[in-house]
Amino acid sequence: MTVAPEQLPPAPASAPAPARACVPASLRVEALLGRRWHALCELGDLTPGRGVAVLLPDGQQAAVFVDRAGRAYAIGNQDPFSGAFVLARGPLGSAGGRPYVTSPPAGRRFDLTDGRCLDDAAVSVPAYTVRLR
């Protein structure tokens, strides 16, 4: 599924999400792009352990994930090895306590916190600061 932020209804005026494993699905995942926060998708659009592709305001794509603990992540959706926009379809895992997604075509792992490739230190994808609101 690909979500365009302009399809989302206006954000409710509420406090930031509580830090707990089970968070309400009515929250939004927002990313800091430049100096502004932008809505990426509703938390309810995400299934723990799976991702969705979202269209960013500049036309780029991001892959957005939520883990089983309710933490959200966003990285660039394009696999730099194949050029395919597929990272949102990759399975999640962790290595040394660091969450990653595995690219479906190449099997290379990308850290969800900083976008670096765990299998080739010279390669990375964009990583975005996210919040639940």
Side-chain angles (χ1 to χ4, degrees):
M1 166 183 12
T2 302
V3 178
E6 62 271 7
Q7 296 171 341
L8 298 175
S14 63
R20 56 189 169 110
C22 182
V23 292
S26 63
L27 293 173
R28 277 178 199 239
V29 179
E30 297 179 343
L32 185 60
L33 305 172
R35 296 178 189 226
R36 292 188 42 209
W37 289 97
H38 293 271
L40 299 179
C41 64
E42 297 289 339
L43 186 58
D45 293 334
L46 300 172
T47 300
R50 298 188 181 215
V52 298
V54 299
L55 187 61
L56 300 176
D58 65 0
Q60 296 295 313
Q61 287 186 29
V64 183
F65 304 91
V66 66
D67 65 16
R68 286 175 174 72
R71 291 180 296 260
Y73 305 93
I75 61 171
N77 193 34
Q78 186 174 24
D79 179 337
F81 295 97
S82 69
F85 292 87
V86 295
L87 293 181
R89 292 187 282 181
L92 298 187
S94 66
R98 307 270 311 181
Y100 66 81
V101 62
T102 302
S103 175
R108 292 190 175 88
R109 301 167 301 154
F110 294 89
D111 190 308
L112 293 176
T113 60
D114 62 15
R116 70 183 170 85
C117 179
L118 301 178
D119 304 302
D120 185 339
V123 178
S124 65
V125 297
Y128 303 98
T129 300
V130 297
R131 70 180 182 187
L132 298 178
R133 191 162 173 89

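- Taking Ile, Leu, Val, Met, Phe, Trp and Tyr as members and joining any whose side-chain heavy atoms lie under 4.5 Å apart, directly or through other members, Val86 forms no hydrophobic cluster with any other residue.
- Considering every non-hydrogen atom in both Asn77 and Ala63, the closest pair reads OD1-CB, 3.6 Å.
- Arg131 forms a cation-pi arrangement with Trp37, by the criterion of a distance under 6.0 Å to the ring centre and an angle within 45° of the ring axis.
- The side-chain contact (heavy atoms from CB on, under 4.5 Å) test applied to Leu118 returns Tyr100, Arg109, Asp111, Arg116, not counting sequence neighbours.
- The other residues sharing a hydrophobic cluster with Leu87 are Phe65, Tyr73, Ile75, Phe81, Leu92, Val101, Phe110, Leu112, Val123, Val125, where clustering joins ILVMFWY side chains under 4.5 Å apart.
- For Arg108, there are no salt bridge (Lys or Arg N to Asp or Glu O under 4.0 Å) partners, not counting sequence neighbours.
- Taking Ala31 as the reference, Leu33, Leu40, Tyr128, Val130 meet the side-chain contact (heavy atoms from CB on, under 4.5 Å) condition, with sequence neighbours excluded.
- Pairing each heavy atom of Ala53 with each of Ala88, the nearest pair is N-CB, 3.6 Å.
- Nearest heavy atom pair, residue Ser26 against residue Glu42, reads O-OE1, 3.4 Å.
- Under the rule for a side-chain contact (heavy atoms from CB on, under 4.5 Å), Ser94 has no partner lying at least two apart in sequence or in another chain.
- Within the 4.5 Å cutoff, side-chain heavy atoms of Arg98 are placed close to those of Thr113.
- In the hydrophobic clustering, Phe85 connects to no other residue, as no ILVMFWY side-chain heavy atoms lie under 4.5 Å from its own.
- Within the structure, side chain to side chain donor-acceptor pair (under 3.5 Å) pairs that include any residue of residues 48-60 do not occur (at least two apart or interchain).
- Of all non-hydrogen atoms in Ala127 and Gly115, the two that sit nearest each other are CB-N, 3.7 Å.
- Side chains of Leu46 and Cys41 form a contact here, defined as non-hydrogen atoms less than 4.5 Å apart.
- Residues in residues 84-97 take part in no salt bridge (Lys or Arg N to Asp or Glu O under 4.0 Å) pair, two or more places apart or across chains.
- When all heavy atoms of Asp79 and Pro105 are compared, the pair lying nearest together is OD2-CG, 3.7 Å.
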